[in-house]
Trainee: 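Please see the structure below; I have some questions.
Labels below follow one simple rule: chain letters A, B, ... track the order of the sequence lines, proteins then strands, and each chain is numbered from 1. No hydrogens, no waters, no symmetry mates; every other heavy atom, side chains included, goes into these values.
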2 protein chains.
Amino acid sequence: MYVTLPSEFTTEPSVAPLDCATPKTTQTHLKPGTYLYFEGDEVEWLYQVTHGVLRLTRLLADGRRQVIAFGYPGDIVGFPAKDLHHTDCEALTDVRLQPFRRAHLESGDGDPALHCALLQAALREISAMQDHFMMLGRKSATEKLASFLCVLSDRVGDDHGAFRQISLPMSRSDIADFLGLTTETVSRTFTQLRKSQIIAIDNIHTIIIQRPKALLGLTEGARD
Amino acid sequence: MYVTLPSEFTTEPSVAPLDCATPKTTQTHLKPGTYLYFEGDEVEWLYQVTHGVLRLTRLLADGRRQVIAFGYPGDIVGFPAKDLHHTDCEALTDVRLQPFRRAHLESGDGDPALHCALLQAALREISAMQDHFMMLGRKSATEKLASFLCVLSDRVGDDHGAFRQISLPMSRSDIADFLGLTTETVSRTFTQLRKSQIIAIDNIHTIIIQRPKALLGLTEGARD
DNA sequence: CGATAGCTTGAGAGTACTCAAAGTGGGTGG
DNA sequence: CCACCCACTTTGAGTACTCTCAAGCTATCG
């Protein structure tokens, strides 16, 4: 998931489990902190997240890190390029996955519906990544964090009385590396949103959106 | 093309024309400044660039712009998401294109080889975009411009005596919007590279790489 | 040859970064 | 069960990089 867009996508089409005539492989379970694959591994399976959250990262030689995406239920992870994985993939929570043989992506012979669904997921991925470019290249720290929270709220937020509540299983530095910021800046920006009473921080991993409209306004530069 | 990587990709696999058993549609021509499609248009065709350079852009409500990619010979442009184009696409030079019906991407019924080639192109695209994330999120202005020039040199540079020469059909502000910088910063960074004798600026649209090693070093932070 | 769009350079400002220190919370072991 | 420890987060102060605004420069086109 490229947590980038404001709203419009309230009902994410990707959340539905993929149609699959193929005899089901059993679901895979992952404990927090375990890796599903590493950059450079050969791709044999793709996975649809059914429960929990994954983190996809890439590293630069000097240790700088970019979080490429978070994998939420409905997302497909593990698309190959030249047969290889191009990110590391770690579970942030307990995760359940539905594996699909890579062959189903690359040929429709066995299961045309599944082939098509995986292809569509890849195309959605491209489009979502394009949004994320805009975020990384052109948005301020406040706009980035507001966009991030808005998308999470739409996709995985829960109603909490009049407000909406989001669980953030990732660390501040994961968020920073996703948004192209430092942890300090992420932390300061959270504080600033809290002080403007746009959000409340229930605990480090749970935030409540008190003024969704204001938050949405901040995603594209309102000066609130 | 997501002009991001240092070297390693000297022989780009994507440059070859796609295999295609399908009766060839005639090539399309585009004059500089004309648009191939706009954001929101319905996708009917994909295109492989055979000559020239395209520019893919997205806009934010307030006018901020992100150049998503430049399309160089060998690149496939026009991947749909929800049936629609998600960027504007403009020709920067005279461009020749080989169109492919979108149906060939989404089903292998007519021409399995073409279907497969288009799919592989989409997967390459995902991987290339991931590199670009690293660039936008984690690199300095100098690193960004050095990376940009290195990839162009590898993919479309010409030998020019002992040096390598690159043609830059895009404007400084196109480069800025691609790298997440301002035109002024791009211009200053060019000047700085010129003053360190790493590049020479033959004319605004033609630069010569005098010290490729030094330039490559700058792509990941060498302090030259 | 003048107009204009694009590029470069300069000065100053602002945002996000770096380095540093204090605060918080969860987990482990005594 | 409590205390300590460690990792993570927050806050602070100062810096640096990139941006903004402005002016000059350069090429291209009519």
Side-chain angles (χ1 to χ4, degrees), chain A residues 31-33 55 60 62-67 90 92-93 135-148 167-196 199-207 218 221 223-224, chain B residues 31-33 55 60 62-67 90 92-93 135-146 148 167-196 199-207 218 221 223:
Chain A
K31 291 265 166 233
R55 187 195 61 207
L60 226 47
D62 61 5
R64 276 177 289 181
R65 191 181 71 148
Q66 178 73 37
V67 171
E90 183 183 344
L92 295 178
T93 65
M135 173 124 108
L136 286 172
R138 285 286 169 243
K139 289 194 176 184
S140 70
T142 304
E143 290 171 338
K144 286 175 177 180
L145 191 60
S147 305
F148 180 68
S167 149
L168 297 176
M170 67 292 286
S171 71
R172 295 293 188 262
S173 88
D174 288 337
I175 298 174
D177 287 341
F178 182 63
L179 300 178
L181 300 168
T182 58
T183 56
E184 293 94 330
T185 298
V186 168
S187 182
R188 278 186 245 275
T189 307
F190 267 117
T191 302
Q192 164 197 324
L193 291 178
R194 182 172 51 73
K195 288 189 175 161
S196 350
I199 65 170
I201 300 177
D202 190 74
N203 67 66
I204 298 179
H205 295 292
T206 311
I207 77 123
L218 287 178
R223 204 127 308 290
D224 196 299
Chain B
K31 291 265 167 233
R55 186 195 62 206
L60 226 48
D62 62 4
R64 278 177 289 181
R65 192 181 70 148
Q66 178 73 37
V67 171
E90 182 183 345
L92 295 178
T93 65
M135 174 125 106
L136 287 172
R138 284 289 169 241
K139 289 193 176 183
S140 69
T142 304
E143 290 171 336
K144 286 175 177 178
L145 191 61
F148 181 67
S167 150
L168 297 176
M170 67 292 287
S171 71
R172 294 293 188 261
S173 87
D174 288 337
I175 297 173
D177 286 342
F178 182 63
L179 300 178
L181 300 169
T182 58
T183 55
E184 293 94 332
T185 298
V186 169
S187 182
R188 279 186 245 275
T189 308
F190 267 117
T191 302
Q192 164 197 323
L193 291 177
R194 180 172 52 72
K195 288 190 174 161
S196 354
I199 65 170
I201 299 176
D202 190 75
N203 68 64
I204 298 178
H205 293 293
T206 312
I207 78 122
L218 288 179
R223 204 125 310 288

Trainee: Write down the distance between NZ (B:Lys139) and C1' (D:dT18), rounded to a whole number of angstrom.
Mentor: 18 Å

Trainee: Just N and O in the side chain of A:Thr191: are any of them under 4.0 Å from OP1 or OP2 of D:dT11?
Mentor: yes

Trainee: Just by distance, do the side chain of B:His205 and the backbone of B:Ser167 share a donor-acceptor pair under 3.5 Å?
Mentor: no

Trainee: Among residues at least two apart in sequence or on other chains, which ones pass salt bridge (Lys or Arg N to Asp or Glu O under 4.0 Å) with B:Arg194?
Mentor: none

Trainee: Kindly give the heavy-atom pair with the smallest separation between A:Leu136 and A:Gly180, and that separation in Å.
Mentor: CD2-N, 3.9 Å

Trainee: Any sub-3.5 Å donor-acceptor pair from B:Thr182's side-chain atoms to B:Thr185's backbone N or O?
Mentor: yes

Trainee: Once each nucleotide of nucleotides 22-30 of chain D is scored for protein heavy atoms under 4.0 Å, what B/S/- sequence comes out, 5' to 3'?
Mentor: ---------

Trainee: Quick check for you: name the first and last nucleotides of DNA chain C, 5' to 3', having an atom under 4.0 Å from a heavy atom of chain A.
Mentor: C:dA16 to C:dC19

Trainee: Checking all strands, does B:Ser171 fall into the base, sugar-phosphate, or nothing category for heavy-atom contacts under 4.0 angstrom?
Mentor: sugar-phosphate

Trainee: Do you know which two heavy atoms are closest between B:Phe178 and B:Gln66, and how far apart they sit?
Mentor: O-NE2, 3.3 Å

Trainee: Whole angstroms only, please: what is the CG-P distance between A:Leu193 and D:dT9?
Mentor: 17 Å

Trainee: Whether B:Arg64 and B:Asp177 form a salt bridge (side-chain N of Lys/Arg under 4.0 Å from carboxylate O of Asp/Glu) is what I want to check.
Mentor: no

Trainee: Which pair of heavy atoms, one from A:Thr183 and one from A:Ser173, lies closest together, and at what distance?
Mentor: CG2-CB, 3.0 Å

Trainee: From CZ of A:Arg194 over to P of D:dT9, roughly how many Å is that when rounded to an integer?
Mentor: 15 Å

Trainee: In whole angstroms, how far is the C1' atom of D:dT18 from the CZ atom of B:Arg188?
Mentor: 9 Å

Trainee: Could I get the full list of salt bridge (Lys or Arg N to Asp or Glu O under 4.0 Å) partners for B:Lys31, not counting sequence neighbours?
Mentor: B:Asp94

Trainee: Nearest 0.5 angstrom please: B:Leu181 CG to A:Arg138 CZ, how far?
Mentor: 7.0 Å

Trainee: Enter the inter-axis angle for the ends of the helix from C:dC1-D:dG30 to C:dG30-D:dC1 (five pairs per end, rounded to 10°).
Mentor: 30°

Trainee: Could you tell me how far apart A:Asp177 (CG) and D:dC8 (P) are, to the nearest whole angstrom?
Mentor: 13 Å

Trainee: If only side-chain N and O atoms of B:Thr185 are considered, is one of them under 4.0 Å from the OP1 or OP2 phosphate oxygen of D:dT18?
Mentor: no

Trainee: In whole Å, what is the span from the CZ atom of B:Arg138 to the C1' atom of D:dC17?
Mentor: 15 Å

Trainee: Can you tell me the distance, in whole Å, between the CZ atom of A:Arg172 and the P atom of D:dA7?
Mentor: 19 Å

Trainee: Using every non-hydrogen atom in the two residues, find where B:Leu60 and A:Lys139 come nearest and quote the distance to one decimal.
Mentor: CD2-CE, 4.2 Å

Trainee: Could you pull out all residues at least two apart from B:Thr191 that satisfy side chain to side chain donor-acceptor pair (under 3.5 Å)?
Mentor: none

Trainee: Treating B:Lys144 as the side-chain partner and B:Leu179 as the backbone partner, does any N or O pair qualify as donor plus acceptor under 3.5 Å?
Mentor: yes

Trainee: What is the separation between atom CG on A:Leu145 and atom C1' on D:dT9, rounded to the nearest whole Å?
Mentor: 14 Å

Trainee: Could you pick out which residue, A:Ser140 or A:Asn203, lies toward the 5' side of DNA chain C when each is mapped onto its nearest nucleotide?
Mentor: A:Ser140

